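Here is the structure we will look at, set down as structure tokens.
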Amino acid sequence: MDAAIAPVVLAWYDRQHRRLPWRSPPGQPAPEPYRVWLSEIMLQQTTVPAVMPYFARFLARWPSVHDLAAAPVDEVMEAWAGLGYYARARNLHKCAQAVSERLGGIFPDTVDGLLELPGIGAYTAAAIAAIAFDRPAAVLDGNVERVLARLFAVETPLPQAKPELRRLAEQVTPQQRPGDFAQAMMDLGATVCTPRSPDCLLCPLQAPCIARARGIAAGLPRKTAKAARPQRHATAFLLQRPDGAVLLRRRPPSGLLGGMLEVPSTPWHDTPWPADDIADHAPAARIAWAPLPGRAEHVFTHFALAITAVHGRIGAAAATKLDGLWQQPAEAVLPTVMKKMLGLLPDSAPKSKRNPRRGQGRP
DNA sequence: TAAACGTGGAC
DNA sequence: TGTCCAAGTTT
């Protein structure tokens, strides 16, 4: 029966495939490996709508892997700002340099070759091999895991079920059109076999789906509970020059927000900061720090950060003596959490998110 | 092996 | 408001 899976999925894909900028329609020649690679890196743990504008900008600015390799890494980081998981941007640049300089601009066309490159793991190597080079590699991402867990009623929770799901993926991957098959399985997972309420009536695998027969599709794949998210607290130092520019710094190259610009702040502590302790961590001495009204919250994968801010002013001459760089708040290109810190500045009107409260009660 | 690593949208 | 989650990789 497994042999019957691929043809059904491919026939569905021929009719229902999503049109995406990094993709060729079914039956057309494969897209350039550079585009496949760029899109796959951006799509790691990231939604298609979020990737869309970044992909367009990167491709317009750096049309080839050589162009990207030749770019200063800070420009690549800046272009990535807002997309998240910034190690991807650093590895993207490293990978471009490896391909451009060591491989003459030619991406490896095998899973093993691709796995050697920075930022390319099991999923991405298989995806590039299948989509760009038509290799029959078994592609296993979150979508495919879900489709297979339901199709074969795998009740073992993730991530323990991964080896079993991988075997199933290898079992159903066809020798013909493996790239289309990989994309078809992902489209199926993204549009029909969705996490919460799968649209089984529209599914081409309705008949062979064991979970559907047992009425447990929506509950698969099972997942082991994750740890609670701790709360941390920080106070940002919004130090402003007479021309309005604020002090920013470059974070260390690795770790959280590695290589990105930051607003100076207290350490991110597990308890709120007593007012008297805040100035101990200030980026400049002898500044009259004034607490600002308002607070912001930012949720990372593994902790949440409650943010308050203090405001200070500094003369143009004194400002030149500090480490860091000065940028106008509206023009700074920053990770989202840092933009939220700047959002606490007195005259920064755009609180885009719904932020009613404060003052008047409900009308 | 498990934890670190961002963000925004959906329900 | 809270929880889940999206085309994972690295250490």
Side-chain angles (χ1 to χ4, degrees), chain A residues 18 20 22-23 35-55 77 80-92 94-95 114-132 137-147 158-160 162-163 166 169 179 182-191 193-197 218-219 221-232 251-260 262 268 297-305 334-340 352-354 357:
Chain A
R18 289 181 292 177
L20 298 170
W22 45 83
R23 195 137 105 167
R35 297 181 184 223
V36 175
W37 164 72
L38 180 60
S39 67
E40 290 300 341
I41 301 298
M42 289 183 167
L43 286 162
Q44 289 168 4
Q45 297 288 287
T46 307
T47 58
V48 166
V51 165
M52 214 73 90
Y54 285 86
F55 181 79
M77 301 304 292
W80 196 274
L83 239 203
Y85 284 150
Y86 297 97
R88 289 184 296 171
R90 188 164 295 273
N91 284 331
L92 185 84
K94 273 194 229 163
C95 183
L114 289 160
L115 277 173
E116 299 290 318
L117 294 166
I120 297 183
Y123 160 75
T124 306
I128 297 173
I131 297 169
V139 170
L140 189 62
D141 76 328
N143 288 305
V144 180
E145 286 176 353
R146 187 169 55 255
V147 171
L158 285 168
Q160 292 88 344
K162 203 116 177 169
R166 173 156 295 284
Q183 296 176 95
M185 290 289 278
M186 293 192 279
D187 278 15
L188 195 55
T191 64
C193 194
T194 53
R196 301 186 193 232
S197 51
R222 294 181 182 160
K223 300 197 174 180
T224 53
K226 11 180 110 92
R229 206 192 318 267
Q231 179 77 56
R232 294 185 190 166
R251 291 175 66 88
S254 65
L256 186 71
L257 305 171
M260 303 301 291
E262 70 171 356
W268 299 3
E297 180 85 9
H298 187 78
V299 180
F300 293 93
T301 306
H302 53 299
F303 67 93
L305 185 67
L334 298 171
T336 301
V337 62
M338 302 301 165
K339 284 192 165 297
K340 289 180 180 177
S352 62
K353 292 288 193 196
R354 53 199 121 96
R357 101 173 122 279

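Both backbone and side-chain heavy atoms feed into the values below; hydrogens, waters and symmetry mates do not. Fair warning: this is a prediction, and the values are worked out from it, not measured in the lab. Letters A, B, ... are given to chains in the order of the sequence lines, protein chains preceding strands, and every chain is numbered from 1.
Atom pair A:K94:NZ and C:dT9:P shows a separation of 15 Å (rounding to whole Å applied). Distance A:L117 CG to C:dT9 C1': 13 Å, rounded to the nearest Å. If you take CD1 of A:I120 and P of C:dT10, they are 9 Å apart, rounded to a whole angstrom. The interatomic distance linking A:R90 (CZ) with C:dT11 (P) rounds to 12 Å, in whole Å. A straight line from CG of A:L43 to P of B:dG8 spans 16 Å, rounded to a whole angstrom. Following rounding to the nearest Å, A:W37 (CH2) and C:dG8 (P) show an atom-to-atom distance of 17 Å. The CE-P distance, from A:M42 to C:dT9, rounds to 16 Å in whole Å. Note: CG (A:L92) to C1' (C:dT9) measures 13 Å, nearest angstrom.
With hydrogens and angles ignored, the 3.5 Å screen pairs a side-chain donor or acceptor of A:R229 with a backbone N or O of A:F300. Looking only at distances, no side-chain donor or acceptor of A:R222 sits under 3.5 Å from a matching main-chain atom of A:L158. A:R23 places a side-chain N or O within 3.5 Å of a backbone atom of A:R18 that can act as its donor or acceptor partner. Without hydrogens or angle criteria, A:T191 side chain to A:D187 main chain gives a donor-acceptor distance under 3.5 Å.
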List every contact pair, protein side and nucleotides 3-7 of chain B side both N or O, where the distance is under 3.5 Å.
unit_1 : atom_1 : unit_2 : atom_2 : d
B:dC5  : OP1    : A:L256 : N      : 3.2
B:dC5  : OP2    : A:H302 : NE2    : 2.7
B:dG6  : OP1    : A:Y86  : N      : 2.8
B:dG6  : OP2    : A:L257 : N      : 2.5
B:dG6  : O4'    : A:Y85  : N      : 3.0
B:dG6  : N7     : A:Y85  : OH     : 3.4
B:dG6  : N7     : A:T301 : OG1    : 2.3
B:dG6  : O6     : A:Y85  : OH     : 3.0
B:dG6  : N1     : A:Q45  : O      : 3.0
B:dG6  : N2     : A:Q45  : O      : 3.0
B:dG6  : N2     : A:T46  : OG1    : 3.1
B:dT7  : OP1    : A:Y86  : OH     : 2.8
B:dT7  : OP1    : A:T336 : N      : 2.7
B:dT7  : OP2    : A:H298 : NE2    : 2.6
B:dT7  : O3'    : A:T336 : OG1    : 3.3

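The same atom, P, is picked in C:dT9 and in B:dG8; the two are 22 Å apart, to the nearest Å. For the C1' atom pair drawn from B:dG6 and C:dC5, the interatomic distance equals 13 Å after rounding to whole Å. Between the C1' atoms of C:dT10 and B:dT1, the separation comes to 13 Å (whole Å). Nucleotides B:dC5 and C:dA6 are separated by 22 Å at their P atoms, to the nearest Å.
A heavy atom lying under 4.0 Å from DNA chain C marks the following residues of residues 123-131 of chain A, by number: A:Y123, A:T124.
Position along DNA chain C of the nearest nucleotide to A:G119 versus A:L20 favours A:L20 as the more 5'-ward residue.
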Please set out all donor-acceptor pairs under 3.5 angstrom arising from side-chain atoms of residues 116-125 of chain A, sequence neighbours excluded.
unit_1 : atom_1 : unit_2 : atom_2 : d
A:Y123 : OH     : A:E40  : OE1    : 2.7
A:T124 : OG1    : A:Q44  : NE2    : 3.0

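You'll find the ring centres of A:W80 and A:Y54 outside the 6.0 Å limit.
Between A:D141 and A:R146 no salt bridge is recorded (no basic side-chain N to carboxylate O distance below 4.0 Å). Under the 4.0 Å criterion applied to side-chain N and carboxylate O atoms, A:K340 and A:E297 are not assigned as salt-bridge partners.
A cation-pi arrangement is found for A:R232 relative to A:F303, the charged atom lying closer than 6.0 Å to the ring centre and inside a 45° cone about the ring normal.
At C:dA6, one or more side-chain N or O atoms of A:R146 fall inside 4.0 Å of OP1 or OP2 (strictly under the cut-off). A close approach under 4.0 Å does not occur between any side-chain nitrogen or oxygen of A:K226 and OP1 or OP2 of C:dT3.
The residue A:A122 sits close only to the backbone: its heavy atoms come under 4.0 Å of sugar-phosphate atoms, none of a base. Nucleic acid contact class of A:P49 (heavy atoms, under 4.0 Å, all strands): none. Residue A:W80 is out of contact with every strand shown, counting any heavy-atom pair closer than 4.0 Å.
Considering only heavy atoms from C-beta on, A:F55 comes within 4.5 Å of A:L38 through its side chain.
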